[in-house]
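On a predicted model such as this, the values are computed, not experimentally measured, just so you know.
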Amino acid sequence: MTKALVIGGTGFIGSRIVDDLLGKGFAVRMTVRKKGSPAFDDAEKYSRVELVYGDVLDPDSIRECVKGVDLVFACFGLLGKWGVPDCSYWQTNVEGVRNVLGAIPKAGIGQFIHLSSAGVLGPLADGVVADESFPFAPSNIYERTKSEAEKELCRLAVERGIPFTIIRPEFVYGPGDLHVLGLFRAITRRRFVLIGSGGSLLHPTYIDDLIQGVLLCTDNKNAFGKTFLITGKAPVSVKELGTVIADELGVQLPRIRIPKGVAYAAAGMFEVLAKISHYPEPLLTWARVKFFTENRAFTTDRAHRELGYSPKVDLRMGVRQTIRWYSDKGYL
């Protein structure tokens, strides 16, 4: 039986990878960052998983984790958060990858699958749709560290003879995710307003589609040494995304719009006030303004051609399923 190690298996994406590996008959080992027997909501599922202590910043612990496994899924990472120092991103997103690869014996596993981000290609000009051939153009600390991690992975994997695959998802959402919950809550409470025209493009990816792409890469020699963009069916404008969420929630988006310059000025003020008052997170940040005013659109032609990847879930269905999960859990 093929044994897979999932590093970051308690996170949104990692937990779904664990689910699907179990469903496909893999033996699964998963890292936890606290020693002992942690409690999980789904005790039955995790009773079928081998839980081991492992911290990517503790190379000795990772050396124990990788012993006897055939596949390694690197699903860990520090996602963009306000107030987190840059050094934390470098430690987790870059040093963490170095430590994991350094812990793997030379030619000691069948495949290393790394979850990166389409964000490493940075914001795009109007009308541009990026593919895997585009150069790195990161615009924030998260994207810079994820792009550096990819470079280190390619270098170290080749040096150590480790077959690897890089997967770049974008704006992943769906049941189990809490990162974009704030957007749904803001729309529910009619506090979400468009910045500028609302015409900037985002590329939402429903979690089931991402997992489909991950499994198509798994233990697949056609994926070795390659990078794949795994995204949703099509990019959508910020206005379209907000409108679909509002429709499914039974509310309407406010008619007012904020000019981009005003939004940046307000975000700067809110960030200063948050630092002075030690508030956990400002109402608006520069990062959020950038997210909702920059273009990010991608093609999955390579994944379709070489893996057979084809996203199945359209935006409205994905949003509907996400709202249902949020409501069932009492988040909305």
Student check: side-chain heavy atoms of I167 and V214 closer than 4.5 Å: yes

Note, I17 side chain near I211 side chain (heavy atom, < 4.5 Å): yes

For L284, the rest of its hydrophobic cluster, which grows through side-chain links under 4.5 angstrom: I195, Y264, M269, F270, L273, L283, W286, V289

Counterpart residues, side-chain hydrogen bond (donor to acceptor under 3.5 Å, both in side chains), relative to D314 (two or more places apart): none

T188: partners by side-chain hydrogen bond (donor to acceptor under 3.5 Å, both in side chains), with sequence neighbours left out: none

Heavy-atom check, side chain of Y326 versus side chain of D177, under 4.5 Å: yes

Reported NE2-to-CG distance for the pair H203 and L124, which is rounded to 0.5 angstrom: 11.5 Å

Nearest-0.5 Å distance that lies between atom CG in L115 and atom CG in L210: 6.0 Å

Worked check of side-chain contact (heavy atoms from CB on, under 4.5 Å) between L183 and L241: CA-CA 10 Å; L183 172 62; L241 173 64; 4.2 Å; yes

Output field: ring centroids F292/F192 closer than 6.0 Å: yes

Greater than 12 external heavy atoms within 6.0 Å of R191's CZ: no

hydrophobic_cluster_shared for L181 and I207, side chain cutoff 4.5 Å: yes

Reported CD1-to-CE distance for the pair I7 and M30, which is rounded to 0.5 angstrom: 11.5 Å

Validation: residues 168-176 side-chain donor-acceptor distances under 3.5 Å, sequence neighbours left out:
residue : atom : partner : partner atom : Å
R168    : NE   : E150    : OE1          : 3.4
R168    : NE   : E150    : OE2          : 2.9
R168    : NH2  : E150    : OE1          : 2.8

L315/V236 under side-chain contact (heavy atoms from CB on, under 4.5 Å): CA gap, chis, key distance, verdict: CA-CA 9 Å; L315 179 64; V236 298; 4.1 Å; yes

Summary of salt bridge (Lys or Arg N to Asp or Glu O under 4.0 Å) pairs that have at least one residue in residues 245-272, sequence neighbours excluded: D247-R316, E248-R316, E248-R320

Distance in Å, I166 CD1 paired with S117 OG, rounded so as to fall on 0.5 Å steps: 12.0 Å

Under 3.5 Å: donor-acceptor pair, side chain of D70, backbone of K3: yes

Flag, side chain of R29 to backbone of V69, donor-acceptor distance under 3.5 Å: no

Min side-chain heavy-atom separation R302-D131 under 4.5 Å: no

From CG (L332) to CZ (F184), nearest 0.5 Å: 8.0 Å

NZ/NE/NH1/NH2 to OD/OE distance under 4.0 Å, R305 and E132: no

Residue pair K312 / D209, side-chain heavy-atom distance below 4.5 Å: yes

Residue pair S200, F291: steps toward the side-chain contact (heavy atoms from CB on, under 4.5 Å) verdict: CA-CA 9 Å; S200 299; F291 181 78; over 6 Å; no

D208: side-chain hydrogen bond (donor to acceptor under 3.5 Å, both in side chains) partners, not counting sequence neighbours: R16

Transitive ILVMFWY cluster of F224, excluding itself - 4.5 Å side-chain cut-off: none

Gap separating the CZ atom of R160 from the CZ atom of R155, nearest 0.5 angstrom: 10.5 Å

Side chain to side chain donor-acceptor pair (under 3.5 Å) pairs, two or more places apart, involving residues 233-246: none

Min side-chain heavy-atom separation I187-V251 under 4.5 Å: yes

N/O donor-acceptor pair under 3.5 Å between Q111 side chain and D219 backbone: yes

Q252 atom CD: more than 12 heavy-atom contacts under 6.0 Å: no

Side chains of K151 and F136 in contact at under 4.5 Å (non-hydrogen atoms): yes

Test item: N99 side-chain N/O and V56 main-chain N/O as donor-acceptor pair under 3.5 Å: yes

Pair T218-F73, side-chain contact (heavy atoms from CB on, under 4.5 Å): steps then yes or no: CA-CA 9 Å; T218 300; F73 293 81; 3.6 Å; yes

Side-chain cluster (under 4.5 Å, hydrophobic types only) that L79 belongs to, other residues: L78, V84, Y89, W90, V94, I141, Y142

Any pair counted as salt bridge (Lys or Arg N to Asp or Glu O under 4.0 Å), so long as it reaches residues 95-113, sequence neighbours left out: E95-R98, R98-E152

R185 to Y331 six-membered ring, cation-pi geometry met (6.0 Å, 45°): no

With F76 via ring-ring contact (aromatic ring centres under 6.0 Å, His included) - residues at least two apart: none

Exam field: side chain E64 to backbone Y53, donor-acceptor pair closer than 3.5 Å: no

Residues in side-chain hydrogen bond (donor to acceptor under 3.5 Å, both in side chains) contact with T31, at least two apart in sequence or another chain: none

